[in-house]
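Worksheet: one structure, shown below.
Quantities reported herein were computed from a predicted structural model and do not represent experimental measurements. Note that these values count all heavy atoms, side chains included, but never hydrogens, waters or copies made by symmetry.
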Amino acid sequence: MQAIRIENHGGPEALLLGEATDRAPGPGEAAVRVAAAGVNFIDTYHRSGLYPVATPFTPGVEGAGIVEAVGDGVDAVAAGERVGWVMQLGSYAGRAVLPADRLVRLPEGVTETQAAAGLLQGMTAHYLVRSTFRVQSGMPVLIHAAAGGMGLLLCQMCRRLGARVFGTVSTEAKARAARAAGADVVIRYTETDFAEAVREELGDDGLAVVYDSVGATTWEGSLSLLRPRGMLVLFGNASGPVPPIDPLLLSQAGSVYLTRPTLADYARTGDELRWRSGEVLDAVASGDLRLTIHGELPLAEAAEAHRLLESRATSGKLLLRP
Ligand code: NDP
């Protein structure tokens, strides 16, 4: 089978297509024929080495497909079932051997393509608005990169919860996409000081929460916009990592909270994994959550997929097809 392999950390050119040997699933594992793998920004951090992963490895932490075989002691899934997964390395491949208890069965009405496009970002948006901070009706919230894969889902969920949604984007086309996903006020942060623009709209009131996955270029403005005891949720570093922060800054900003969450900690148990993935997939099936697939590329073009994502050329999800 074919798989992408990273021998040495580096740029997109580090993603090399090769032949990998098939192995039978061991105890507790399932072998899955991959129908589609999701491309996520975290894959670029694994590739570059920003998030440490020992080389060599096959990147990609999200996908969906059909179970081919299971190892000893597996009763959670069976051969022939359609499944999806998140936060499991090895997804940029024709076949993946994965821990069976981390697979989720796909309900009727959700295709493998939809699962590979929606599970990771959908579950992340779910934990961010439901568990990290509980978004409620009437709350003003700010979502950076509002037309990205994460952003479009966060806009929809915050809007559905009744929040007043501010979003930042780089282009007019992305502004239209963010509005269509539910953003009330969209700011082109590459042209305008977003903090000033939000203050103009909000007056003296601050934001209840900022969802900031852009990091280096936005975190200071994000912090300055919070209302007393508001929360800055730093959940990514698309523009580069945030430098160390003096806790006194949080006091000066109004006794605000700062958190740096990651999906693995919000889907720790099997129950939590099934609860979040179940709600996301049901919302996809019912049409309550709309997925935007920016494009699909063959596995061999994984490097191009990373170039597109890192150059801000995408709005929504990129998929790789083995
Ligand atoms: P996106 O589709 O959102 O792509 C990233 C977007 O960030 C770009 O499209 C761009 O939007 C914006 N951006 C701003 N500055 C830059 C820059 N200098 N270089 C590149 N992009 C920039 O990607 P994802 O939806 O896959 O992920 C979004 C973020 O969410 C990532 O930081 C990722 O790590 C994080 N994440 C965190 C998780 C967690 O549990 N902590 C889980 C999932 C994702 P624009 O052009 O509008 O500025």
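Side chains of Val135 and Met157 form no contact here, defined as non-hydrogen atoms less than 4.5 Å apart. Two residues are said to be in side-chain contact when any heavy atoms from C-beta on lie closer than 4.5 Å; Pro140 and Leu202 meet this criterion. In this structure, Arg164 and Val185 have side chains that are in contact, with non-hydrogen atoms separated by less than 4.5 Å. Between Asp288 and Asp282, the closest side-chain pair of non-hydrogen atoms is not below 4.5 Å. Taking the side chain as every heavy atom from C-beta outward, Val256 and Leu232 never approach each other to under 4.5 Å. Between Asn237 and Arg260 the shortest side-chain heavy-atom distance falls below 4.5 Å. Counting heavy atoms from C-beta outward, Ile6 and His46 have side chains that stay 4.5 Å or more apart. Side-chain atoms of Val97 and Pro25, non-hydrogen and from C-beta on, do get closer than 4.5 Å to each other.
Proximity of a side-chain donor or acceptor of Arg82 to a complementary backbone N or O of Val110 within less than 3.5 Å is detected. Side-chain atoms of Ser91 do not come within 3.5 Å of backbone N or O of Ala37 as any donor-acceptor pair. Gln88 places no side-chain N or O within 3.5 Å of a backbone atom of Leu98 that could act as its donor or acceptor partner. Asn40 places no side-chain N or O within donor-acceptor distance of the main-chain N or O of Ile42, the cut-off being under 3.5 Å. Side-chain N or O atoms of Thr168 include one that pairs as donor or acceptor with a backbone N or O of Ala145 at under 3.5 Å.
Under the 4.5 Å side-chain heavy-atom criterion for grouping Ile, Leu, Val, Met, Phe, Trp and Tyr, Leu234 is not connected to Leu263 through any hydrophobic cluster. The hydrophobic cluster containing Ile143 also contains Met123, counting ILVMFWY residues as joined when their side-chain heavy atoms lie under 4.5 angstrom apart, directly or transitively. Both Met139 and Met231 are part of a single hydrophobic cluster, where members link through side-chain heavy atoms under 4.5 Å apart. Leu289 and Ile293 fall into different hydrophobic clusters, where Ile, Leu, Val, Met, Phe, Trp and Tyr side chains are chained together by heavy-atom contacts under 4.5 Å. Residues Tyr127 and Leu161 share a single hydrophobic cluster, defined by chaining ILVMFWY side chains whose heavy atoms lie under 4.5 Å apart.
Closest approach of Gly65 to Val32, counting heavy atoms only: C-CG1, 3.7 Å. Closest non-hydrogen pair, Lys317 versus Ala116, comes out as CE-O, 3.7 Å. Taking all atoms of both residues into account, the shortest heavy-atom contact from Ala76 to Glu81 is O-OE1, 4.3 Å. The two atoms that bring Leu309 and Thr314 nearest to each other are CD1-OG1, 3.6 Å, heavy atoms only. For Ala216 against Ser239, the heavy-atom pair with the smallest separation is N-OG, 3.2 Å. The heavy-atom pair separating Gly38 from Tyr92 by the smallest distance is O-CE1, 3.8 Å.
Between the OG1 atom in Thr218 and the CG atom in Asp212 there is a gap of 3.5 Å [rounded to 0.5 Å]. A distance of 11.0 Å separates OG1 in Thr132 from NE2 in His126, rounded to the nearest 0.5 Å. Between the NE2 atom of His294 and the CG atom of Leu319 there is a distance of 11.5 Å, given to the nearest 0.5 Å. Remark: Thr124 OG1 to Leu154 CG distance equals 8.5 Å, nearest 0.5 Å. In this structure, SG on Cys158 lies 12.0 Å from CD on Gln136, to the nearest 0.5 angstrom. To the nearest 0.5 Å, the span separating CD on Glu112 from CZ on Arg33 amounts to 13.0 Å.
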Stepwise, does the side-chain contact (heavy atoms from CB on, under 4.5 Å) test hold for Val39 with Thr44?
CA-CA 9 Å; Val39 178; Thr44 71; over 6 Å; no
Between Ile4 and Leu320, does the side-chain contact (heavy atoms from CB on, under 4.5 Å) criterion hold? Intermediate values first, please.
CA-CA 11 Å; Ile4 297 290; Leu320 290 176; 5.5 Å; no
Under the side-chain contact (heavy atoms from CB on, under 4.5 Å) rule, what do Thr55 and Glu7 come out as? Steps first, then yes or no, please.
CA-CA 6 Å; Thr55 54; Glu7 299 282 346; 6.0 Å; no
With side-chain contact (heavy atoms from CB on, under 4.5 Å) as the test, would you mind laying out the steps for Leu152 and Ser315 before giving the verdict?
CA-CA 8 Å; Leu152 290 172; Ser315 179; 4.2 Å; yes
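Between the side chains of Arg321 and Thr113, at least one donor N or O lies within less than 3.5 Å of an accepting N or O.
With Arg47 as reference, Glu310 is the one residue of His9, Glu13, Glu310 to meet the side-chain hydrogen bond (donor to acceptor under 3.5 Å, both in side chains) rule. Residue His144 is tested with Trp219, Phe194, Tyr211, Phe235 for a ring-ring contact (aromatic ring centres under 6.0 Å, His included); the sole match is Phe194.
Heavy-atom contacts from other residues, nucleotides or ligands closer than 6.0 Å to CZ of Phe57 number more than 12. Applying the 6.0 Å contact sphere to CZ of Arg23 captures more than 12 heavy atoms from other residues, nucleotides or ligands.
The pair Arg199-Glu196 does not meet the salt-bridge criterion, since no charged nitrogen lies less than 4.0 angstrom from a carboxylate oxygen.
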